[in-house]
Amino acid sequence: MELTVWTYEGPPHVGAIRIANSMRDVHFVLHAPQGDTYADLLFTMIERNKKRPPVTYTTFQARDLSGDTAEIFKTAARDAVARFKPQALLVGASCTAELIQDDPGGLAKTLGLDVPVVPLEMPSYQKKENWGAAETFYRLVRAFAGGAGKPDVAPEQASCNILGPSSLGFRNRDDIVEVVRLVEALGVRINTIAPLGASPADLARIPQANFNIVLYPEVADNAARWLKRQFGQEMIAIPPIGVGATRDFVTAVAEAAGVDVPAELFATGAERLSWYSASIDSNYLTGKRVFVFGDATHAVAAARIASEELGFKVCGLGTYSREFARDVREAAAKYGVEPLISDNHLDVEDAIIAAQPELVLGTQMERHAAKRLRLPCAVISSPVHVQDFPARYSPQMGFEGANVIFDSWVHPLMMGLEEHLLQMFRGDFEFNDDAGSSHLSHGGPAAHQPDAQAEEEAVAPEAEAAPVPAANDDQPSWTSDAERELRKIPFFVRGKARRNTESYAAENGLNPITIETLYDAKAHFGR
């Protein structure tokens, strides 16, 4: 176990709360001390839900440890059933309560409650949030779909289940709308969407469908594999993220349903990523180095889009989802990069620095790292902050999701170019920070030119050549004129230019770094 300030995933009970919060008529009694109620904030403050999650915390305190904490749990379970009247009751312990070994599942069985009880065993010190979500969904599906049978008569219209979307999932709410639109355009009926928006009664109807669509394997893979073994339901695990993946997804669904793909579905003008990325406006983006990190589903999909649809070069690929590390390793081999499997955000930041990308695609943590490194960044995966639960419609899946992805990824690079132009002309009398609008009468070029000249005259000739103190003794220092020349390089590659120049200077024993050193280094690394 490591002590960390940031973490990609919470403990397993947070994953269980995500499933409970996703569903209707499900309540979760969590044996936990007073401090473990922090999880509510993830849903009310970050996801901006209108109500708190359906969880009852036993909230025992330190003084209760000398008494009967088991009785506190039993009282909380009885009260929750009486007050909320759920169709299913989940019971489990948080990472702290796990240490006192009260066995919530066994205690619940002794209560004789009039609702189905689904006990959860969550090894908090070996597993994490996504595992907890997958295990909870799997246990619920087994509990309510396990006794059902497959219909003897095949329905006239093919039907499917859509599995995986959940609370706190990255753009899951909007992804469902796009996927339902694609599936229904093929004439396939949606039987159940779970866990998001489903009730225990809906889970009982899962076996009635012909096949299952797994949108997010991190949540639904275990349940879908069990359904395949139990009921022979085929599973389609092609997340339709990006134009190519969406086409593959539609083809796979049509094949599973035994229907043809309508020609107009692929001929739609709603998908604009392909044209935009091939247009002359986007040609200058070709070959940009991109570093990708996130959950396995979104990271692998993002690498494919970056390489095949936008013409970027994938210079780094990784995930914090250890359960799906094999998928990421296979994708990394395809792009010729070393896979990064880590849940330590500092390791990821070091990998970003070493890869020297021009765009970072990652989680909220990579967004912070990229900001420190002055690199453009787009968030592609959970964990995310409140701004990535937008009020507007903003899917990642389907053809409209491809449009959103293009805007989210390409615009940071384009804005970087605009900022570079502003920096280049900052000293110009019309564009400096104090200049007013040139078409208004409150100030003209003459009013600002003397200030710019005075600023230039204030710099003594000998001061221009004075070296800037180095950050430490091992690093070469920079002269003022070299620093000024470095600032003319676009900010989103300036860090790379600085590192290359300092490396060149150190190897050749050059100190301080002058303008000549800067251009010699450029020529050296440009060969």
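Throughout, residue positions are numbered sequentially from 1 according to the sequence presented.
- By the side chain to side chain contact (heavy atoms under 4.5 Å, CB included) test, E366 pairs with Y8, F293, V348, I352, V360, T363, sequence neighbours left out.
- For the atom pair CZ of R225 and NZ of K228, the computed distance is 7.5 Å after rounding to the nearest 0.5 Å.
- The shortest heavy-atom contact between P383 and M365 is CG-CE, 4.1 Å.
- In this structure, the side chains of I405 and I241 come closer than 4.5 Å at one or more pairs of heavy atoms.
- Going from atom CZ of F144 over to atom OG of S199 covers 9.0 Å, rounded to the nearest 0.5 Å.
- Residues that satisfy the side chain to side chain contact (heavy atoms under 4.5 Å, CB included) test with D174, not counting sequence neighbours, are Y393, S394, P395.
- Between the side chain of E129 and the backbone N or O of G10 there is at least one donor-acceptor pair closer than 3.5 Å.
- Between L89 and P86, the closest heavy-atom pair is CD1-CG, 4.5 Å.
- Taking the side chain as every heavy atom from C-beta outward, L140 and L90 approach each other to under 4.5 Å.
- Between the CG atom of L196 and the CZ atom of R173 there is a distance of 10.0 Å, given to the nearest 0.5 Å.
- Using modelled atom types, one finds a donor on one side chain and an acceptor on the other under 3.5 Å when comparing Y57 with D40.
- Between the side chains of T297 and E218, at least one donor N or O lies within less than 3.5 Å of an accepting N or O.
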Note to self: Run D295 and S381 through side-chain hydrogen bond (donor to acceptor under 3.5 Å, both in side chains) and show every step you take.
What the structure shows: CA-CA 6 Å; D295 66 44; S381 163; 3.2 Å; yes
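- Side-chain contact between E400 and R272 is present, with heavy atoms from C-beta onward closer than 4.5 Å.
- A salt bridge links E358 with K288: at least one charged nitrogen is closer than 4.0 Å to a carboxylate oxygen.
- With respect to E184 and R189, no salt bridge is recorded, no charged nitrogen being found less than 4.0 Å from a carboxylate O.
- I213 places a side-chain heavy atom less than 4.5 Å from the side chain of F211.
- Under the rule for a side chain to side chain contact (heavy atoms under 4.5 Å, CB included), the partners of S167 that lie at least two apart in sequence or sit in another chain are N21, S22, F43, E47, N49.
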Next item on the list: Give the C-alpha distance, both sets of side-chain angles, the deciding distance and a yes or no for side-chain hydrogen bond (donor to acceptor under 3.5 Å, both in side chains) between N212 and Q233.
Entry: CA-CA 7 Å; N212 294 313; Q233 290 177 316; 3.1 Å; yes
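- A distance of 10.0 Å separates CD of E9 from OG of S382, quoted to the nearest 0.5 Å.
- A salt bridge between E349 and R372 is present, with a side-chain N of the basic residue lying under 4.0 Å from a carboxylate O of the acidic one.
- Other residues, nucleotides and ligands place more than 12 heavy atoms under 6.0 Å from the NZ atom of K74.
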Margin query: Between E98 and Y125, is the side chain to side chain contact (heavy atoms under 4.5 Å, CB included) condition met? List the steps.
Written below: CA-CA 9 Å; E98 184 184 346; Y125 300 97; 3.9 Å; yes
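- In plain terms, the two heavy atoms of A93 and L30 that are nearest each other are C-CD1, 3.6 Å.
- Only one option out of T58, D36, D103 pairs with H31 in a side chain to side chain donor-acceptor pair (under 3.5 Å); it is T58.
- Applying the ring pair (Phe, Tyr, Trp, His ring centres under 6.0 Å) criterion to H13, with sequence neighbours excluded, gives no partner residue.
- With a 4.5 Å cut-off on side-chain heavy atoms, T246 and M397 do not count as touching.
- Here the closest non-hydrogen pair linking I206 and N161 is O-ND2, 2.9 Å.
- A pairwise comparison of heavy atoms in Y216 and H298 identifies CE2-CE1, 4.1 Å as the closest pair.
- Legend: residues meeting salt bridge (charged side-chain N to carboxylate O under 4.0 Å, His left out) with D350, ordered by chain and number and at least two apart, are absent.
- A heavy-atom distance below 4.5 Å is found between the side chains of W226 and F231.
- Side-chain N or O atoms of R18 include none that pairs as donor or acceptor with a backbone N or O of L168 at under 3.5 Å.
- Counting heavy atoms from C-beta on, the side chains of S274 and E309 never come closer than 4.5 Å.
- Residues T56 and H27 share a closest heavy-atom pair of OG1-NE2, 2.7 Å.
- Atom CZ of residue R142 and atom CD of residue Q230 lie 7.0 Å apart, to the nearest 0.5 angstrom.
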Next item on the list: Please lay out, stage by stage, how V337 and F291 fare under the test side chain to side chain contact (heavy atoms under 4.5 Å, CB included).
Entry: CA-CA 10 Å; V337 297; F291 185 96; over 6 Å; no
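- Separating the CZ atom in R171 from the CD1 atom in I176 is a distance of 14.5 Å, to the nearest 0.5 Å.
- For the pair F406 and L310, the minimum side-chain heavy-atom distance is below 4.5 Å.
- Classification of R304 and D248 as a salt-bridged pair holds, one side-chain N sitting under 4.0 Å from a carboxylate O.
- Each salt bridge (Lys or Arg N to Asp or Glu O under 4.0 Å) pair with one or both residues in residues 317-338, not counting sequence neighbours, appears once here: E308-K334, R322-D343.
- The closest donor-acceptor contact from the side chain of E135 to the backbone of M122 lies at 3.5 Å or more, if one exists at all.
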